[in-house]
Each structure stands twice: as C-alpha cells, then as structure tokens.
Engineer: 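Take this structure first; my questions come after.
One-based numbering, in listed order, for ligands and for the atoms of each. Values in this document were obtained by computation on a predicted structure and should not be read as measured data.
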Amino acid sequence: MIAVLTKEAQRPVVKEFFELFKTPWEYHRPGNEYDVLLCCGTEAIDSSARLVLAYSAERQLYDENNGIQIKAQQPGGFVGYKEESIPIYGNRVTLSGKGVTVLRDNATQETAALVIASNRQTFVRIGFDLFEETRVSLTRGQPAKNSAIPTLELHIAFLRNLIVTFSTFLVEVPPVPANYSFMVCLTHDVDHVAVRDHKWDHTTFGFLYRATIGSLIDACRGRKSTQHLRANWVAALSLPLVHLGLVKDFWDQFDRYLEIEKGLTSTFFVVPTKGDPGQDANGFSRRKRAVAYDLSEIATLLSNLREANREIGLHGIDAWRDVQKARAELEKIKLATSAPGVGVRMHWLYFDEQTHGILEEAGFVYDSTVGYNETIGYRAGTTQVFKPLDVKKLLELPLHIMDTAIFFPAYLDLAPEEVGTAIGPLFENMARFGGVLTVNWHDRSIGPERFWDSAYVNLLQRARREGAWFPTAAQAVSWFQRRRSTTIENIAQDGDTLRIKVSVGEGENDRLPGLRLRVHKNCGQTVDSLLPLKTKALSIDTTFNHSELLSVRL
Ligand SMILES: [Zn+2]
C-alpha cells in the first residue's frame with residue numbers, strides 16, 4: 001500500500017492520478033504501516049516504509065538531513081530517464097549529493113532524481129512536483145510541440161518502475177480490457193452530409209477549386225494519384241447532375257464507412273442546428289462554421305446508423321460556452337435518437353476552462369473534445385479516459401488522431417503513404433501503456449475531393465492486427481467507469497501466492513470486456529540495474545468481471 005502525503009489543495013489531482021495509476025493507496029494516517037511513502041511538495045515524516053519517494057521542486061528539510069543541495073532550473077525543460085524524455089511544466093530543481101542518479105536534466109545533464117539507499121530504507125529525491133505536473137496535463141494540457149509525448153503515462157511508468165525495483169511486487173488494474181491489447185475508438189464528426197446541401201456557397205467554390213486546381217497541385221507534389229486527380233475532375237463536372245438528383249451525392253459516404261468498418265462499431269457526432277455558426281471565445285460568429293444540414297433532414301440516416309449499431313453523439317455548436325444552449329443542443333440529439341445518455345465533441349474543438357463544468361451541468365455523459373486541431377497526439381498527456389478536475393462525474397475521452405490535422409497543408413501536410421509512419425509511435429504507446437486511441441475521420445473525408453480512405457483503411461487493419469477492441473465512445477467511457485468503480489480491497493501473501501480481493505462497483509455490464517489485475521514482480525533489478533521504461537518487466541495478468549477473490553502465484 002502506498003501512503004500519500006501532499007498539500008490539501010492537490011487532493012483532487014491525487015485522486016485522479018490514482019484512477020490513472022490504479023494501485024492501492026491512501027492518504028498517510030499516523031500509526032499505520034506502509035510499504036511506500038510518497039510525499040509530494042511537502043516535508044517527509046519519519047516512517048517505517050521501506051521506500052520513501054520525495055517529489056518536490058522546493059528545498060525541504062529532508063534535503064539538509066540527506067546532504068542534498070538543490071538548484072532551481074529554468075522552467076520548460078525535460079528530464080531524461082534512459083532513452084525517454086519527460087517534459088516538466090512546473091518548477092524543477094536539480095540535485096547534488098551522495099547517491100545514484102536515476103533521472104537527469106536534459107539541458108544541464110545534472111541529476112534530477114537521486115536514490116539514497118540504506119539498510120533500513122531507500123530514499124528517492126525527485127526534483128519536481130508529480131501532482132502539479134498531473135494537474136497541468138489534465139487542465140491546461142500540453143503545447144502542440146510536445147504532442148507526441150504521453151507525459152502522464154511516462155510519469156506513471158517511472159513511478160511504477162521505482163516501486164517495483166525497491167519492493168517485491170506491485171498490484172494494479174491496468175487500462176487494458178481483458179482479451180484485448182488496447183482500445184481504438186472510431187469516431188466521425190459529421191460536418192458535411194451532402195455537397196448538394198451547399199448550393200453556390202463558399203463550401204462549393206472551395207470544393208471546386210480543391211477538386212480541380214488543388215488536385216492538380218497535389219498530384220504534382222505526389223500527394224494525390226492521377227487516378228484520384230481524374231476522379232476529382234469527374235466529380236467537379238458531375239456537380240450539376242448531383243444538384244439535379246441524377247447522380248449520387250459523392251459526399252454521402254456513410255454506407256462506405258459501414259462497409260470499411262464491417263464487424264466493428266463507431267460513433268457519429270452530429271450538429272444540432274442548420275445554419276448556426278455559434279460564437280467563438282471572443283463572441284464572434286464565423287459564418288464558415290455553420291453546417292448546411294438539419295437533424296430533421298437526416299432522420300433516415302440516423303436511424304440507419306443506429307440500426308448498424310452506431311452511436312450518435314452531439315457535435316456541439318455553443319454547448320461549450322453556455323449551459324442553456326448546451327441543454328437545448330442535448331435535447332435535440334435526445335429527441336432525434338431517443339438515446340438515454342448523450343456524449344459530445346465540439347465542432348472545431350471549441351473549448352475553454354469552463355466547458356467541462358457546463359457540459360456536466362447540462363447532463364452530458366462524456367466529452368471528447370480535448371485534442372489538437374493542428375497535430376496528432378496527447379493534449380492531456382494520457383492514453384486514458386479521465387475525469388476533469390473540476391467536475392463530479394463527466395468523463396473526458398481525449399482525441400488523439402484527426403484526419404484534417406494529418407492532411408491539411410497548414411497542419412502536418414502528410415502524403416497518404418507517410419501516415420503509417422506518423423501514427424506508428426501512437427500504436428507503440430498503446431501496446432506499452434494500454435488505454436484508448438481515439439480517432440476522428442470526418443464524414444466526407446473518404447470521398448472526393450479528399451480521398452483520405454486508404455490511410456483510414458490501413459489504420460483499421462493495423463488496429464485489428466494488434467488485437468484492439470473497438471468500442472463506441474460511450475462503451476469506452478463505460479469501460480473506464482467500470483475500472484474507476486473497482487477497488488483492490490485487500491492483498492494477503494501466503495508463501496508465493498497472493499490472494500487479492502477486488503470489488504467492482506456500479507454497472508455490472510457483461511457486454512463489455514472484463515478487467516485485468518496485473519501483478520508486477522521484481523525480477524532482480526536494483527538501483528544499479530534499473531530497467532528502461534519500455535521493458536516489459538515480469539508481470540502476471542489475471543482477468544475478472546465481478547467482485548471476487550483472486551489468487552496469483554508469484
Ligand atoms: Zn466539426
């Protein structure tokens with residue numbers, strides 16, 4: 001059991017941190033015996049724990065007692081652990097003293113974490129505040145330049161590694177569903193149902209330009225094949241026939257998605273109101289943000305999607321900034337889909353620090369807006385569904401990969417054959433850390449003039465090959481809700497067998513995959529032979545679905 005000592009103000013962060021790193025812990029209670037004492041931003045206390053982890057970016061009394069000198073560093077740097085670099089967003093210090101260096105400051109190569117071992121106790125001094133780092137990731141989020149780094153998962157991996165190195169075992173419920181390697185959540189923001197809806201507006205002229213001249217430029221740059229160039233010119237020429245209803249609307253790609261995703265499921269986020277651009281953070285309306293379809297016009301489409309086991313969520317316009325508007329938008333989706341719970345992703349990813357509170361008050365089940373418009377990766381530093389710090393129940397399903405970020409010339413501007421390499425590291429992180437990879441491919445992106453279908457098909461193939469579970473957004477959130485309701489109540493060691501009592505709270509949902517209990521075992525590593533974070537240290541998984549007593553042989 002880990003005992004935590006921290007400032008009162010960090011308590012909501014601590015609670016959420018240990019939902020992401022689901023291992024037994026409690027706030028330190030005087031008189032209780034613990035294996036590990038984790039102090040963060042506070043003085044340590046005299047403890048019988050075999051391992052004391054002292055995270056702080058300030059000088060503490062224990063520094064003096066352990067002969068450690070500290071030196072403040074310029075904010076905005078990285079610390080390195082073997083081949084990994086972890087960005088530190090809050091204050092950080094470097095350390096000098098007698099001990100073994102386990103983290104280094106990337107800029108100065110000075111020690112950022114120091115292990116001082118004695119017979120009685122191992123003391124690890126780490127020069128930043130773990131919970132402050134967690135708070136920054138889950139609120140402000142990471143700047144786009146660090147988007148590739150799953151920062152919170154690395155903090156968890158480093159902490160886990162220390163605990164396993166200096167103890168005999170560690171038990172956790174990892175963010176990995178039973179019988180699968182990780183989750184991939186396929187979503188589609190529905191911005192343009194049909195080109196026919198647009199008459200002669202900026203969208204149509206934009207399409208005509210991109211399909212003709214734009215495609216020619218793309219073909220010259222190797223971004224489009226001559227086959228796609230030809231198909232785009234044909235599409236542009238056929239536009240009058242589409243308007244006359246003589247040719248199928250080439251932006252209507254819903255059946256094609258169902259075919260590509262055969263045997264899987266996905267979530268479609270639809271806009272509640274036609275012609276409403278909403279407002280941005282400065283109160284301005286940008287006419288281009290309005291969509292040209294109305295829920296009443298796509299009733300048949302919505303019922304077809306639901307029949308095909310697709311989830312329908314809200315693609316919000318003003319729900320992010322106003323609770324009345326959020327309620328009205330939610331009601332429209334409820335009426336159109338008769339779904340009991342509704343999730344949301346904002347159109348153009350509009351968002352501010354009030355949004356999660358507003359969405360919770362309006363009655364949404366989850367949000368999936370926290371991501372980047374301009375790049376792919378981990379805005380909140382995590383592969384996991386999390387609860388924003390200022391709400392009670394609403395969960396956030398962070399967005400990791402969006403087609404427009406990959407292909408738009410102003411963003412990553414990748415050629416289709418470059419996409420596999422670009423998203424490779426995200427798949428590697430899924431295999432390492434578990435969690436859910438959330439993908440947004442816009443409704444019309446697989447048709448003219450984009451033809452971004454091959455990259456999507458390849459992504460699905462890779463996810464299938466690597467053993468992913470494909471939940472809808474609501475199912476992914478439910479699975480994490482179930483994991484959050486789980487506690488490891490008791491661990492008893494009997495020889496080389498651990499008897500572990502787990503209890504699963506609300507929502508006994510047998511339609512979802514079960515949970516895993518993972519026991520990490522020290523396989524001989526010491527402070528002189530620390531393992532890289534990438535190594536799969538010896539761990540034993542058991543699966544469970546209900547409250548029960550599990551036995552694990554070490
Ligand atoms: Zn949108």
Engineer: With distance as the sole criterion, is a donor-acceptor pair present between the side chains of Gln142 and Thr151 under 3.5 Å?
Structural biologist: yes
Engineer: Can a side-chain donor-acceptor contact be found between Arg516 and Thr543 if the only test is distance below 3.5 angstrom?
Structural biologist: no
Engineer: Just jot down the salt bridge (charged side-chain N to carboxylate O under 4.0 Å, His left out) partners of Arg306, sequence neighbours excluded, or say none.
Structural biologist: none
Engineer: Taking 2.8 Å as the cut-off, does Asp191 contribute an N, O or S atom near the Zn ion (ligand 1), distance below it?
Structural biologist: yes
Engineer: Return the name of the atom in His347, of element N, O or S, nearest to the Zn ion (ligand 1).
Structural biologist: ND1
Engineer: Could you confirm whether His315 has any N/O/S atom lying under 2.8 Å from the Zn ion (ligand 1)?
Structural biologist: yes
Engineer: Quick one: list whatever passes side chain to side chain donor-acceptor pair (under 3.5 Å) with Thr337, sequence neighbours left out.
Structural biologist: none
